[in-house]
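The structure under discussion appears below in the form of structure tokens.
Per chain, numbering begins at 1; letters A, B, ... match sequence-line order.
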Amino acid sequence: MVVRFADGSELRVPRGTTLAEVARARGESQALVALVDGVPTDLSARLERDATVRFLRFEDPQGRSVFWHSSAHLLAQAVKELFPHAKLAIGPPIEDGFYYDIDVGRPLEPEDLQRIEERMRELAARDQTIERVELPRAEAVRRYQEAGERYKLELLEAIPDERVSFYRQDGFWDMCRGPHLPRTGLIRAVKVLGSSGAYWRGDERREMLQRVYGISFPDPAQLEAYLQRLEEARRRDHRRLGRELDLFSIEESVGPGLVLWHPRGAVVRRCIEEFLREELDRRGYAWVYTPHVAREALWEQSGHLSWYRDNMFSGIEIEGQRYLVKPMNCPFHIAVYASRTRSYRELPVRLAEFGTVYRYERSGVLHGLLRVRMITQDDAHIFCAPHQIEDEICGLLDLAFRVHRAFGFSSYEVTLSLRDPATPDKYAGDPEVWERAEAALEAALRREGVAYTRAPGEANFYGPKIDVYFFDALGRKWQLTTVQLDFVLPERFGLEYVGEDNRPHRPVMVHRAILGSLERFFGILIEHYAGAFPLWLAPEQVRVLPVADRHAAYAQDVRDRLRAAGLRAESDLRAEKVTKKVRDAQVWKVPYMLVVGDREAEGGTVSVRHRTAGDLGPMPLEAFIQRARAEVTSRTAS
RNA sequence: GCCGGCGUAGCUCAGUCGGCAGAGCGGCUGAUUCGUAAUCAGCAGGUCAGGGGUUCGAAUCCCCUCGCCGGCUCCA
């Protein structure tokens, strides 16, 4: 029998050789699991025919996923030992670790988690062999009925197969497709991260189970590194930095989810807005301002009342008319478009606005700036003829990448959400228009050389869309740009333009946001830069630090000249030592510190210290201004 | 909204068994006049989230409300 490997080499082994033996023969001491002709397989499995084999380690995403899946079983085993009456639901691996949903009959407390973690360590150290066992379906049902494992029985109902696989380690059995690690001893480091309520099958009408989260590694040093990454994320938390750097606050007296942009945060926002304005002006957008409320009838016509009402703030009544606070800007932009006859000559009409909308978000989901009830979208709506879609999408992709590059986001992922061909009736609008539009989106992506993933069935009911995700400095993925075609609203509002043929035509509408919402983007940006904004965004760009009181007048003069040159400058005139002033400026993450004493006052110079590069030495004030202005204008990312 | 954990000075946090409300940082005042990450001293600052209850007595125990945190569901 011949076993082939990815590198082209081959190994001859007798039929029935286990994968573990093959691994040993190949010196694959790190192997956790194998891919046999692409199928993930236990190392304990025997090879019965020629096959191509690849061994997976923890470093391989699939290997890691198996490692965490087995860790989830270990967690369940520990819980079952500590709480014999607990009923198991499901326990999958996730992006960062694993969880297990368990009905324990009571909430788990921190001490319980401590005990579970300790028990997991003991069970891992016991190095139990993990064994795959296949049982007839009836036998599996019988076992679970006896044990009263109602969730497992429900899962079993959904499995049509006559034989069901189980994994066993000592006395602990769990129904599972597998594969799994060969033994628990490979799990050398374990941490139970927390627990929370989670609905059975994700359905809020059903039982609430306890979801216990954990993470594990083959090497304790990896756990240590992981915990340090968590600590780094805590250090960058925008809620913490927002307070420390006086950027924003959310006050109980005002209301949850309602953001107060403090002066220092407002500066950053203004820079972001100005940058976007420049970019959009260059691309033929027209700016509009629209109200925050509108008559109920407008929301009826747009359809929001029927499908978005649960997310809307309740209405206000004025002179017997009901008004609702806007959860979206589109009806207003549509009203601008529809305010007069439109000719094909003026298409595409691109209407842009930093529009603040209000959405009712359930209290439990609010999270700093990332999830709020007041959302300022960098919104725009493009009204165009169907044949213009492709060019418009190209322009939007170009815009999105250019803008995000300026903020230091370079790696991305793109999904193209299309109709599900199986359920064409789920979608509104003409199937032919859909066809053409989907083709146009795809053509645009290819023309721009953008790598993307097709997601059939993920389209909105009103049109296909493109979502762009960017990765921040910590490697976390954020959906920022979204471009959505809409065939429904032009219909509902009867939008038209007069064509070359002097007859009315229906425009296509594109909803698009580049940054998403300014609140959320600001939160992401704070964490991305850990509060140390590049010069062009920094709330305070330069701080002048006089050495002693007698230098105060010169310091003020320097500050004023910086301001006259368009730089955001402050001076620190406190009767403190320079070291203290430097420290405070560093803590506030001010990019440039200018130390001025006798030598500088005499020569009209400044001694420049950069936040990260350190002491840059003395230079004429004018030279510094030139340098700083160039850095601002180029929007250098560092 | 649901499950769990929290809420003490502007911030970070002590506060034992139910027995006088604390520290550091920050702020203010004064002294110091200093050359690239913290000078010294003094002072002010509290409805212990809010309300109700138990008790001779509540920051501490119980109940309700509000808010925050970690998740679930949802999502820009």
Side-chain angles (χ1 to χ4, degrees), chain A residues 99 101 104 106-110 112-113 193-213 234 237 239-240 243-244 246 249-257 308 310-311 327-328 355 357 359-379 467 478-482 484 511-524 543 545-552 573-588 593-600 607-611 613-618:
Chain A
Y99 67 79
D101 280 352
V104 194
R106 67 164 175 91
L108 292 171
E109 286 154 25
D112 297 326
L113 300 182
L193 295 169
S195 75
S196 76
Y199 304 106
W200 168 230
R201 305 223 134 169
D203 185 340
E204 60 187 328
R205 287 164 310 206
R206 304 206 56 181
E207 303 83 333
M208 180 158 283
L209 310 172
Q210 295 299 313
R211 176 169 297 178
V212 183
Y213 286 91
R234 257 193 295 280
D237 191 309
R239 293 166 298 187
R240 171 199 173 114
R243 187 175 49 241
E244 287 175 1
D246 199 12
S249 65
I250 297 170
E251 300 293 332
E252 191 173 339
S253 59
V254 176
Y308 209 71
D310 289 351
N311 289 297
M328 293 188 192
V357 300
R359 296 183 185 172
Y360 166 68
E361 298 285 355
R362 296 155 117 199
S363 54
V365 308
L366 300 176
H367 181 93
L369 292 175
L370 300 181
R371 195 74 186 275
V372 293
R373 287 180 174 157
M374 164 188 138
I375 302 159
T376 308
Q377 297 177 311
D378 63 321
D379 207 359
D467 291 314
W478 302 97
Q479 198 227 94
L480 293 168
T481 300
T482 179
Q484 312 188 0
H511 308 255
R512 47 101 296 183
I514 303 300
L515 304 177
S517 99
L518 293 180
E519 287 79 11
R520 177 165 166 274
F521 185 72
F522 188 35
I524 294 168
R543 188 176 291 187
L545 313 178
V547 173
D549 284 350
R550 64 179 178 281
H551 310 120
L573 303 184
R574 295 174 302 165
E576 296 285 353
K577 304 209 295 195
V578 185
T579 48
K580 167 70 168 168
K581 296 182 185 181
V582 166
R583 180 190 143 80
D584 285 345
Q586 289 283 157
V587 168
W588 282 87
M593 289 149 265
L594 303 185
V595 178
V596 295
D598 292 330
R599 299 195 289 273
E600 291 78 10
S607 280
V608 182
R609 177 189 166 100
H610 184 264
R611 159 177 83 188
D615 195 346
L616 301 179

| request: Begin with the C-alpha distance, continue with both residues' side-chain angles, and end with the deciding distance and a verdict on side-chain hydrogen bond (donor to acceptor under 3.5 Å, both in side chains) for A/Glu251 and A/Ser253. | output: CA-CA 5 Å; A/Glu251 300 293 332; A/Ser253 59; 5.1 Å; no
Say we look at [N] and [M]: how far apart would their [atom1] atoms be, to the nearest angstrom?
N	M	atom1	result
B/U12	B/C17	P	26 Å
B/G71	B/G53	C1'	33 Å
B/G30	B/A44	C1'	14 Å
B/G42	B/A37	C1'	26 Å
B/G35	B/G24	P	28 Å
B/C2	B/A49	P	23 Å
B/G18	B/A58	P	14 Å
B/C13	B/C69	P	14 Å

| request: With sequence neighbours left out, write down each residue that passes side chain to side chain contact (heavy atoms under 4.5 Å, CB included) with A/Arg609, or none if nothing qualifies. | output: A/Val582, A/Gln586, A/Met593
| field | Side-chain donor or acceptor of A/Asp378 paired with backbone N/O of A/Gly516 under 3.5 Å | value | yes
| request: Spell out, as yes or no, whether a donor-acceptor pair under 3.5 Å connects the side chain of A/Lys581 to the backbone of A/Arg543. | output: no
So which nucleotide does [N] pair with, by the Watson-Crick or G-U wobble rule with both distances under 3.5 Å?
N	result
B/A14	none
B/G27	B/C43
B/A38	none
B/G4	B/C69
B/C75	none

| task | State which of B/A37, B/G67, B/G70 makes the closest approach to the side chain of A/Glu252. | result | B/G67
| task | Answer with yes or no whether A/Ser607 presents, from its side chain, a donor or acceptor under 3.5 Å of a partner atom in the base of B/G35. | result | yes
Between N or O atoms, less than 3.5 Å apart, protein on one side and nucleotides 24-30 of chain B on the other: list the pairs.
{"unit_1": "B/G26", "atom_1": "OP1", "unit_2": "A/Lys580", "atom_2": "NZ", "d": "3.2"}

| Should A/Thr579 be listed as having a side-chain N or O under 4.0 Å from OP1 or OP2 of B/G35? | no
Separation of [N] [atom2] from [X] [atom1] (nearest whole Å):
X	N	atom1	atom2	result
A/Leu108	B/G5	CG	P	11 Å
A/Lys581	B/C34	NZ	P	12 Å
A/Arg234	B/C69	CZ	P	15 Å
A/Arg599	B/U36	CZ	C1'	11 Å
A/Leu573	B/C34	CG	P	16 Å
A/Glu576	B/A31	CD	C1'	12 Å
A/Leu545	B/A38	CG	P	13 Å
A/Arg240	B/C69	CZ	P	15 Å

Touch check for [X], heavy atoms < 4.0 angstrom, all strands: base, sugar-phosphate only, or nothing?
X	value
A/Ser363	base
A/Arg239	sugar-phosphate
A/Val595	base
A/Arg243	sugar-phosphate
A/Ala575	base

Output the distance between atom [atom1] ([X]) and atom [atom2] ([Y]), rounded to the nearest 0.5 Å.
X	Y	atom1	atom2	answer
A/Leu515	A/Arg520	CG	CZ	10.0 Å
A/Asp101	A/Arg201	CG	CZ	11.5 Å
A/His551	A/Leu545	NE2	CG	12.5 Å

Contact summary for [X] and [Y], nearest pair of heavy atoms:
X	Y	answer
A/Leu370	A/Trp478	CD1-CH2, 3.8 Å
A/Arg359	A/Met328	NH2-CG, 3.7 Å
A/Met208	A/Gly197	SD-CA, 3.7 Å
A/Asp598	A/Arg550	OD2-NH2, 2.9 Å

| Nucleotide by nucleotide, 5' to 3', does protein get under 4.0 Å of the base (B), only the sugar-phosphate (S), or neither (-) in nucleotides 71-76 of chain B, counting heavy atoms? | BBBBBB
| request: Apply side-chain contact (heavy atoms from CB on, under 4.5 Å) to A/Leu480 and A/Ile524, showing your working. | output: CA-CA 10 Å; A/Leu480 293 168; A/Ile524 294 168; 3.6 Å; yes
